[in-house]
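What follows is a short report on a single structure.
Each chain gets a letter, A, B and so on, in the order its sequence line appears, and its residues count up from 1.
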2 protein chains.
Amino acid sequence: MPDTDPNRPPDAVAPRTPRERARAEFTADLLAAARARVRDEGAAQLSLRAVARDLGVASSAVYRYVDSRDALLTLLIIEAYDAAGTACEEAAERGRRAGAAPAQTWLAVARAFRAWALADRHGFGLVYGTPVPGYLAPQDTVRPATRVWGALGGVVAAAMADGSLRPGGPDVAARDLVEPQVLEFAAGIGAGAAAPGGSDALESAAGGVVGSEVLFAALLGAVSMELYGHLHNVMTDTARVFDVAMATAAAGVGLHVSLDGPVP
Amino acid sequence: MPDTDPNRPPDAVAPRTPRERARAEFTADLLAAARARVRDEGAAQLSLRAVARDLGVASSAVYRYVDSRDALLTLLIIEAYDAAGTACEEAAERGRRAGAAPAQTWLAVARAFRAWALADRHGFGLVYGTPVPGYLAPQDTVRPATRVWGALGGVVAAAMADGSLRPGGPDVAARDLVEPQVLEFAAGIGAGAAAPGGSDALESAAGGVVGSEVLFAALLGAVSMELYGHLHNVMTDTARVFDVAMATAAAGVGLHVSLDGPVP
DNA sequence: CGCGTGTCAAGAGCACTGCTCACATTGCGG
DNA sequence: CCGCAATGTGAGCAGTGCTCTTGACACGCG
């Protein structure tokens, strides 16, 4: 078996030999071409042969660099996850630095997510839309997928920490709803925010996870509706409707957004 | 040009001639076969040749009954919209008949939608997932698509009528957010519920539309997340999480669900 | 009743897809 | 400098949507 593994992570610091250099370059070109095709044709229409034609090589040559069409899609999926993640993380970080209220930061994160989705609708579909039936997400995708979750959880945790969280929904025992390892992780993140009593730290962390799930669901649903035309001929100012929807849903969680206030 | 039009609406009351009868039967079989294939393979994998094989006919024969693969998909899309619509409408009607609080009816409608989506995940993807890139929804799909919206709007209108709506989110001028014809329609529906002042009847109707949009977004997002695996290894009891999410989001709109109370 | 008409199924064919494989070429490293 | 690994090529297989010609059948009118 050759030691060059298709789909190897792009961690190679510096390609030493010209061959490795060429390989890295071609892989980058390949990804760029695929990205372009997905951008304006969608993932379903992505054809390896077409990408090969774009690059001016035989279709079979592509298989030297990528295991299969699905593997190529996986790379693009990771890219999309990462793009969404950085967009949300940056917005959250901006809010944190500006000392904005968590509720306003939430709106900023939501807007960042929406902006990303609007700019790369097929990327959004790739990761949050209908999955390809036979396709099972490899393990490489779970960490990038976590990042948006993380940004949302951070906002909720901040609101819990500064006491601005005033939930309007039902109070439920959230502890048993969250998978143990996620709960442990969340409790670790929000450790400083937990009540020093310590007994209900886990419950508090679980509440944060459930809260971010509600936020994420509202976000995903609102963007899906807008992107997939379910708001067409119903709403006029979709950006404003989005803000209202995010503020309204967040109010249930306990984040009270001021739509006239500053958004970082 | 022959007067038999593929994709003609199934309005023909009774097939008179044996020919028409056979045609209707075959069309029904065709739809059933396609539905089955979509159900367990997904829309993307739907192959006209495959359903032709299932029916034991040549692939070309199918084109006598259906214009194209997309046209066949459109028929299935309408079916899916209708299935979701009836599920939600029935739940809403059940709640109304039982005299349940609008908030509880909302939960019932949401559960009905989720149950439909779980039972026919590919049907859900067909209508609420990533649209096929080249595909533009024909006009036939808009009326079925409206039905879920309608059920949600009815619940919100009922809550506005009986005064149980206590919004927790920001109060916004919703009137300019809604397309005029939708606004007119909504005002017509909730006419009895509007304040007799009449001046802000439109604003009230607009608020109802925006409210149902928020509910729909939360619903769509929650089901998407569950169905597409974004809750995998995060949440344990997805049904309960769904209830909590729906109750929480609805609280922002002003519907205060009791998760321990009766759900029609 | 017979025959034209039109509806129908079949099959070949085109252009495309993902993917594999034998072969030729190229260039790196021992 | 030579051998071998990495690379690119093109043919080929099995599948797809869709079109068009061909032949068979049944309906209904005269």
(request) For B/Leu55, report the nucleic acid contact type (base, sugar-phosphate, nothing); a contact means any heavy atom under 4.0 Å. (result)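 Counting heavy atoms under 4.0 Å across all strands, no contact is made by B/Leu55.
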
(message) Students often get this wrong, so: under 4.0 angstrom with heavy atoms, is A/Ser47 touching a base, only sugar-phosphate, or nothing?
(response)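 Sugar-phosphate only.
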
Side chain of [X] (C-beta onward), nearest among [options]:
| X | options | answer |
| --- | --- | --- |
| B/Tyr65 | C/dA9, D/dC20, C/dT17 | C/dA9 |
| A/Ala61 | C/dT20, D/dT9, D/dC18 | D/dT9 |
| A/Ser60 | D/dT7, D/dG17, C/dT20 | C/dT20 |
| A/Val57 | C/dA10, C/dC19, D/dT9 | D/dT9 |
| A/Arg64 | C/dC23, D/dT16, C/dC19 | C/dC23 |
| B/Arg69 | C/dA9, D/dC18, C/dC19 | D/dC18 |
| B/Arg49 | D/dT16, D/dT19, C/dG18 | D/dT16 |
| A/Leu48 | C/dC19, D/dG10, D/dT19 | C/dC19 |

What integer distance in Å separates [X]:[atom1] from [N]:[atom2]?
| X | N | atom1 | atom2 | value |
| --- | --- | --- | --- | --- |
| B/Asp70 | D/dG17 | CG | C1' | 10 Å |
| B/Arg53 | C/dG11 | CZ | C1' | 15 Å |
| A/Glu20 | C/dG29 | CD | C1' | 12 Å |
| B/Leu30 | C/dC8 | CG | P | 13 Å |
| B/Asp29 | C/dA9 | CG | P | 12 Å |
| B/Tyr63 | D/dT21 | OH | P | 17 Å |
| B/Arg23 | D/dA26 | CZ | P | 17 Å |
| A/Asp67 | C/dC19 | CG | C1' | 12 Å |

(request) Among B/His122, B/Arg69, B/Glu41, find the one that has a side chain to side chain contact (heavy atoms under 4.5 Å, CB included) with B/Leu46. (result)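 Only match with B/Leu46 under side chain to side chain contact (heavy atoms under 4.5 Å, CB included): B/Arg69.
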
So do [Y] and [X] actually touch side chain to side chain, heavy atoms under 4.5 Å?
| X | Y | answer |
| --- | --- | --- |
| A/Arg114 | A/Thr238 | yes |
| B/Met235 | A/Glu179 | no |
| B/Tyr128 | B/Val148 | yes |

(request) Please work out which of the three classes, parallel, tilted or perpendicular, describes the rings of B/Tyr65 and B/Phe26, given edges at 30° and 60°. (result)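 Rings of B/Phe26 and B/Tyr65: tilted, as their planes differ by 30° to 60°.
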
